[in-house]
Amino acid sequence: LTVLPFRVAASADDKIAEFTGGADMKAEGITLTAPEIAENGNTVPITVDAPGAASIMVLATGNPTPGVAQFNFGPLAGSQSATTRIRLAGTQDVVAIAKFEDGSFARAASTVKVTIGGCGG
Amino acid sequence: MASGVRPRVKVPKSASAGETITLKTLISHPMESGQRKDSSGNVIPRSIINRFTCEFNGQMVVDVAMEPAISTNPYFEFEATVPEAGDFKFTWYDDDGDVYEETKPVAIG
């Protein structure tokens, strides 16, 4: 559990393909709320909301590793939405993909302008 | 263990049966990304919380897989349905094997 195997950083496209299995993604059914401009890339608030989703994956396409988080909703989730704070290395697109119970997918993206990068480079 | 890890959660003390409530959680943790270098140019090894879960009376509310792009002091806000009185259990899993837990009771009324 504690020893993670070494993994080569997968690209955002690889992560998406792994999550969706290459399925088509709708443009409706998911909302990604992110600021247009983030002064501090170390802590950028984002909210994802996809009513009826089983899980939502969030990617930062311009980070050294694109993965951010994957939310899996259980039977007692009051809504399929969540808010968190993420790091962005620079101006880039943040992508959220929802996976629904019926096996369909939806995608939303938002461009965030970052004034000070958040990966300590 | 990462030092000074302290979980904080905000849960209403009571709810009506079947009500949807908002939960807020914050845990103090450096979330060292593994991308930064120290003053002598050596990479500081990754040390993050890689998973967060919230359950109510043993039933899952949300299970989050976390990566280094989650900010220092990870914050989550989400909603849960409360079918009956019971306990919310929050669990954070650290890269180093540590598990941090917090429990909050909710009454019906």
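Just so you know, these numbers come straight off a predicted model, no measurement behind them. In what follows, every chain begins at residue 1, and chains take the letters A, B, ... in the order their sequences are listed.
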message = Evaluate B:T72 against A:R87 for side-chain hydrogen bond (donor to acceptor under 3.5 Å, both in side chains), listing each step before the verdict.
response = CA-CA 9 Å; B:T72 302; A:R87 291 177 174 140; 2.9 Å; yes
query = side-chain hydrogen bond (donor to acceptor under 3.5 Å, both in side chains) between B:E79 and A:S79: does it pass, once the steps are laid out?
reply = CA-CA 6 Å; B:E79 292 184 321; A:S79 63; 2.7 Å; yes
task = Verify side-chain contact (heavy atoms from CB on, under 4.5 Å) between A:T65 and B:Q35, making sure each step is shown before the conclusion.
result = CA-CA 9 Å; A:T65 58; B:Q35 301 285 343; 4.0 Å; yes
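Contact detail for A:G67 and B:A69: the closest heavy-atom pair is O-CB, 3.6 Å. Listed here is the closest heavy atom pair of B:V61 and A:A77: O-CB, 3.4 Å.
In this structure, the portion of B:P83 lying under 4.5 Å from any heavy atom of chain A is its side chain and not its backbone. Interface remark: B:I48 contributes no atoms to any contact with chain A (heavy atom separation under 4.5 Å).
Note that CG of B:D63 is 10.5 Å distant from CZ of A:F73, once rounded to the nearest 0.5 Å. Considering CZ of B:F78 and CZ of A:F71, their distance stands at 10.0 Å, rounded to 0.5 Å. Taking OG1 from A:T84 and CE from B:M66, the interatomic distance works out to 7.0 Å, rounded to the nearest 0.5 Å. To the nearest 0.5 angstrom, A:N72 atom CG is 9.0 Å from B:M60 atom CE. In this structure, A:L59 CG and B:E67 CD are separated by 8.5 Å, a value rounded to the nearest 0.5 Å.
Within 6.0 Å of the CD atom in A:E39, the count of heavy atoms belonging to other residues, nucleotides or ligands does not exceed 12. The environment of A:K26 atom NZ is dense: over 12 non-hydrogen atoms of other residues, nucleotides or ligands sit within 6.0 angstrom. The neighbour count for B:E101 CD, taken as heavy atoms of other residues, nucleotides or ligands under 6.0 Å away, is above 12. Other residues, nucleotides and ligands contribute more than 12 heavy atoms inside 6.0 Å of the CG atom of B:D38.
In this structure, B:S71 contributes its side chain and A:N42 its backbone to a donor-acceptor pair below 3.5 Å.
Using a 4.5 Å cut-off between side-chain heavy atoms of Ile, Leu, Val, Met, Phe, Trp and Tyr, with links allowed through other members, A:M57 and A:I46 fall into different hydrophobic clusters. Residues B:W92 and B:V11 are members of one and the same hydrophobic cluster, defined by side-chain heavy-atom contacts under 4.5 angstrom among Ile, Leu, Val, Met, Phe, Trp and Tyr. Hydrophobic clustering, with ILVMFWY side chains joined whenever heavy atoms are under 4.5 angstrom apart, keeps A:F100 apart from A:M25. Linking ILVMFWY residues whenever their side-chain heavy atoms come closer than 4.5 Å, directly or via other members, leaves A:F105 and A:V48 in distinct clusters. Linking Ile, Leu, Val, Met, Phe, Trp and Tyr whenever their side-chain heavy atoms come within less than 4.5 Å puts B:V9 and B:F88 in one cluster.
Note on B:I70, B:I44, B:V62, B:T22: by heavy-atom pairs under 4.5 Å with chain A, the leading option is B:I70. The candidate from B:T25, B:V64, B:N73, B:T20 with the greatest count of non-hydrogen atom pairs under 4.5 Å with chain A is B:V64.
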